[in-house]
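Contents: one structure, followed by commentary.
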Amino acid sequence: MEIDKQTTRAVARLARLGLSDEVLVAHQAQLSTILGYVQQLNKVDTDGVPPMAQATGQVNDLAEDEILNEHQDTLPVDSPALEGTSIKVKGVFRD
């Protein structure tokens with residue numbers, strides 16, 4: 001699929017890329033090639049093929065969270081915001 005210079009410039013603008021005319025021409029050719037491959041993929045019959053997220057069958061092996069109170073006795077008792085056996089700190093996520 002051949003795309004024109006104006007379309008390539010519009011895509012570059014949307015991607016916030018400031019491209020010189022020489023680079024724009026190179027990208028125009030590359031985008032045309034990529035879109036040609038996508039057109040080929042669109043012709044492939046995928047009826048009856050189940051969707052998949054990955055091909056290896058691997059799953060995440062996550063460890064259970066556990067609370068370790070090994071250093072409970074070393075908490076500074078004069079901490080400004082001590083709550084039970086924990087020190088309260090400022091939140092790092094803001095709205």
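Note: hydrogens, waters and symmetry copies are ignored here, and every other heavy atom, side chains too, is used.
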Point to revise | Between NE2 on residue H27 and NZ on residue K5, distance to nearest 0.5 Å | key: 13.5 Å
Review point. How about Q54: does its CD atom have over 12 heavy atoms from other parts shown lying under 6.0 Å from it?
Key: yes
Exercise for review: Kindly compute the distance separating CG (L31) from CD (Q28), expressed to the nearest 0.5 Å.
Suggested key: 8.5 Å
Review point. Atom CG of L19 and atom CZ of R13: how far apart are they, to the nearest 0.5 Å?
Key: 12.5 Å
Point to revise | Cluster link L24 to L17, ILVMFWY, side chain under 4.5 Å | key: yes
**Study point:** Side chain to side chain, D21 and R9, heavy atoms closer than 4.5 Å
**Key:** yes
Review point. Would a hydrophobic clustering, with Ile, Leu, Val, Met, Phe, Trp and Tyr connected at side-chain separations under 4.5 Å, put L35 with V11?
Key: yes
Review point. Would D4 and T8 count as a side-chain contact (heavy atoms from CB on, under 4.5 Å) if you check the C-alpha gap in whole Å, the side-chain angles of each, and the deciding distance to 0.1 Å?
Key: CA-CA 6 Å; D4 60 359; T8 307; 5.7 Å; no
**Study point:** Closest approach of S32 to I3 (non-hydrogen atoms, all atoms of both residues)
**Key:** OG-N, 3.1 Å
Check your understanding: Is there a donor-acceptor contact under 3.5 Å from the side chain of N60 to the main chain of L62?
Key -> no
